Amino acid sequence: MLRRSHKKSRGGCVQCKRRHIKCDERRPACALCTMTNRECSFTTQPPTPPGTLPSTTPSPSPVPTHLSTDEINLTHMELLLHLTSTKEIFSLADGAEPYSSGVLFSLKTALASPYLFYEFLAFSACHLAHVSPAREAHYLHQAITLQTKAISLFNAEKLEVNKSNCVPVLLFTIILGHHLLADTLRTRVFKTLSSFLTHYIQCAATHRGIFTILNEAKPLLMESELNPVLSRSFTFTSSTPRGSTCARLTTLISTSPTLTESEKNLCHRAIKFLQLGFDALDAPAEHEGNRFQMLFLWTVVVPPEFMALISAKRVEALVIFAFYAKLLVAGRGIWQVGEAGSYILGMIRDEVGPLWDGWIYPAA
C-alpha cells in the first residue's frame with residue numbers, strides 16, 4: 001500500500017523521532033510526551049523565547065488560506081457533528097455567546113481561518129475522549145494531532161492582528177487556552193505537587209500569551225460582533241470584590257514575615273481575582289455569563305511573578321493556590337474540571353502539611 005507523503009518535523013523531540021510521530025515541538029515539553037507522561041528531551045534544552053506560541057517548524061511551502069475538500073475526512077465530520085450538537089463542550093464559558101449559542105457563528109468564521117477550524121475539531125475530540133472512555137486513547141490522539149496542526153497553521157501565518165482577522169484570532173487563542181486547561185486539569189499521572197506545577201505553569205505561560213494578544217487587539221475587538229461578551233468580561237474582571245471568602249487569605253499575606261512588600265502586592269492581586277470568582281458563585285444572577293469564568297481567567301489575569309511564587313512553592317502562594325482549587329471544586333460539574341480541585345487540594349496539603357489547614361479550611 002502506498003503511504004501518504006508528509007513533511008518531517010526537523011526540530012522534534014527525541015522521543016517523537018524514535019516513535020516516528022510528528023512532534024508539535026511545544027516547550028518545555030511537547031504535547032505528546034506530556035499527554036503520555038514521558039520525559040521529553042526538550043526539558044533539557046533552552047526554552048522557547050517569551051511571547052511565542054508553541055509551534056512546529058513551518059513548512060517552506062505556502063500555507064493555504066482556505067479549507068479544501070481533500071483535507072476533510074470522516075473523522076473530521078464526526079468531530080464537527082459532535083461540536084455542533086453538544087452544548088456542554090463550551091460549558092466553562094457558562095453561556096457566553098461565542099461558545100454556546102454562537103457556535104455556528106464561530107464555525108462560519110473558522111471556514112476562512114483553518115487554524116481556528118482545526119482547533120475547534122481538536123477541542124471536540126478532547127470532549128469525546130471525556131465522554132467515551134472506551135475510545136479515550138483514539139480521541140486523545142486526534143486531539144493532539146489536530147491541535148498540533150492548528151498551532152502550526154496559526155504560527156506559519158505570522159498574523160498581524162487587524163480588523164479583518166481579530167475575531168478568529170481571539171476565538172482561536174481562547175479555545176486553545178480552554179483546551180490546554182482541560183488537558184492540565186484532566187491529567188492524573190502526577191504523583192507530586194512539583195510534577196503537576198511544572199505542567200500547570202507551562203499552561204499558565206501560554207495563557208499569558210493569550211492575554212497579551214487580547215490586550216493588543218482590544219480596540220478592534222470592541223468594534224466587532226464580540227463586543228457584548230467582551231464588555232461583560234472586562235466589567236467582571238475590573239469590578240471590586242465584595243465577599244469575605246478570602247478575608248483570612250488577605251490577613252495571612254498582610255502579616256507574613258517572609259514575603260517582601262512586592263511579593264505581598266502580587267499575592268493581594270491574585271486574591272482579588274479569587275474573591276471575584278467566589279462572588280460570581282454566590283450571586284449567579286448578577287454575574288450571568290461569568291459565573292465560572294474565573295476558573296479559566298485566574299490563570300490568565302494573575303501576574304507571572306505570582307506564578308513564580310507558586311512554582312517556587314512558597315507556602316503563602318500555595319495556600320492562595322488552594323483557594324483556586326476550591327473554585328475548581330465548586331465547578332466540578334463542568335467536564336473540563338471534574339475532580340481536579342480535590343486532587344490539587346490533596347497535593348497541596350501533602351506539601352504544606354496539616355498545620356496550614358486552618359488557613360485553607362477556615363472555620364465558619
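Every value quoted in this text rests on a predicted model; they were computed, and no experiment measured them.
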*Would you call the rings of Tyr324 and Phe321 parallel, tilted or perpendicular, where under 30° means parallel and over 60° means perpendicular?*
parallel
*Are Trp356 and Leu318 close enough that some pair of their side-chain heavy atoms sits under 4.5 Å apart?*
no
*Could you tell me which residues satisfy side-chain contact (heavy atoms from CB on, under 4.5 Å) with His130, sequence neighbours excluded, listed by chain and number?*
Trp335
*Relative to each other, are the rings of Phe154 and Phe172 parallel, tilted or perpendicular (30° and 60° limits)?*
parallel
*Nearest non-hydrogen partners of Leu181 and Leu295, listed with the distance*: CD2-O, 3.8 Å
*I would like to know whether Leu128 and Gln142 meet side-chain contact (heavy atoms from CB on, under 4.5 Å); could you show each step before the answer?*
CA-CA 10 Å; Leu128 275 168; Gln142 290 294 327; over 6 Å; no
*Any side-chain donor paired with an acceptor under 3.5 Å for Ser195 and Thr192?*
yes
*asked:* Are Leu81 and Tyr139 connected into the same hydrophobic cluster when the rule is that any two of I, L, V, M, F, W, Y join if their side-chain heavy atoms are below 4.5 Å apart?
replied: no
*Considering residues at least two apart in sequence or located in another chain, which fulfil the side-chain contact (heavy atoms from CB on, under 4.5 Å) criterion with Pro354?*
Arg349, Asp357
*Full working for side-chain hydrogen bond (donor to acceptor under 3.5 Å, both in side chains) between Ser262 and Thr260*: CA-CA 5 Å; Ser262 175; Thr260 66; 4.9 Å; no
*State whether the side chain of Arg248 and the backbone N or O of Gly358 hold a donor-acceptor pair below 3.5 Å, judged by distance alone.*
yes
*asked:* For a 4.5 angstrom cut-off between non-hydrogen side-chain atoms, does Cys267 reach Leu309?
replied: yes
*For Ser113 and Ala110, indicate whether the former's side chain and the latter's backbone hold a donor-acceptor pair under 3.5 Å.*
no
_Before you tell me yes or no, could you show the steps for Thr173 and Leu176 under side-chain contact (heavy atoms from CB on, under 4.5 Å), namely the whole-Å CA-CA distance, both residues' side-chain angles and the distance that decides it to 0.1 Å?_
CA-CA 5 Å; Thr173 54; Leu176 176 63; 5.7 Å; no
_So, using salt bridge (charged side-chain N to carboxylate O under 4.0 Å, His left out) as the criterion, who are the partners of Glu223 when residues are at least two apart?_
none
*Would you confirm whether Lys326, through its side chain, and Ile360, through its main-chain N or O, come within 3.5 Å as a donor-acceptor pair?*
yes
*Is a donor on one side and an acceptor on the other found under 3.5 Å between the side chain of Asp279 and the backbone of Gly243?*
yes
*So Tyr115 and Val169, side-chain contact (heavy atoms from CB on, under 4.5 Å) or not? Walk me through it.*
CA-CA 9 Å; Tyr115 58 85; Val169 167; 3.6 Å; yes
_For a 4.5 angstrom cut-off between non-hydrogen side-chain atoms, does Ser311 reach Leu197?_
no
*Are Gln275 and Thr250 side-chain neighbours, meaning at least one heavy-atom pair lies under 4.5 Å?*
no
*With side chains defined as the heavy atoms from C-beta onward, is the minimum distance between Phe306 and Ile320 less than 4.5 Å?*
yes
_Suppose we screen for side chain to side chain donor-acceptor pair (under 3.5 Å). Which residues come up paired with Ser164, at least two apart in sequence or across chains?_
Asn162
*Using salt bridge (charged side-chain N to carboxylate O under 4.0 Å, His left out) as the criterion, list what pairs up with Lys218, not counting sequence neighbours.*
none
*With a 4.0 Å cut-off, would you call Lys264 and Glu316 a salt bridge?*
no
*Pairs satisfying side-chain hydrogen bond (donor to acceptor under 3.5 Å, both in side chains), at least one member in residues 296-310, at least two apart*: Tyr200-Thr299
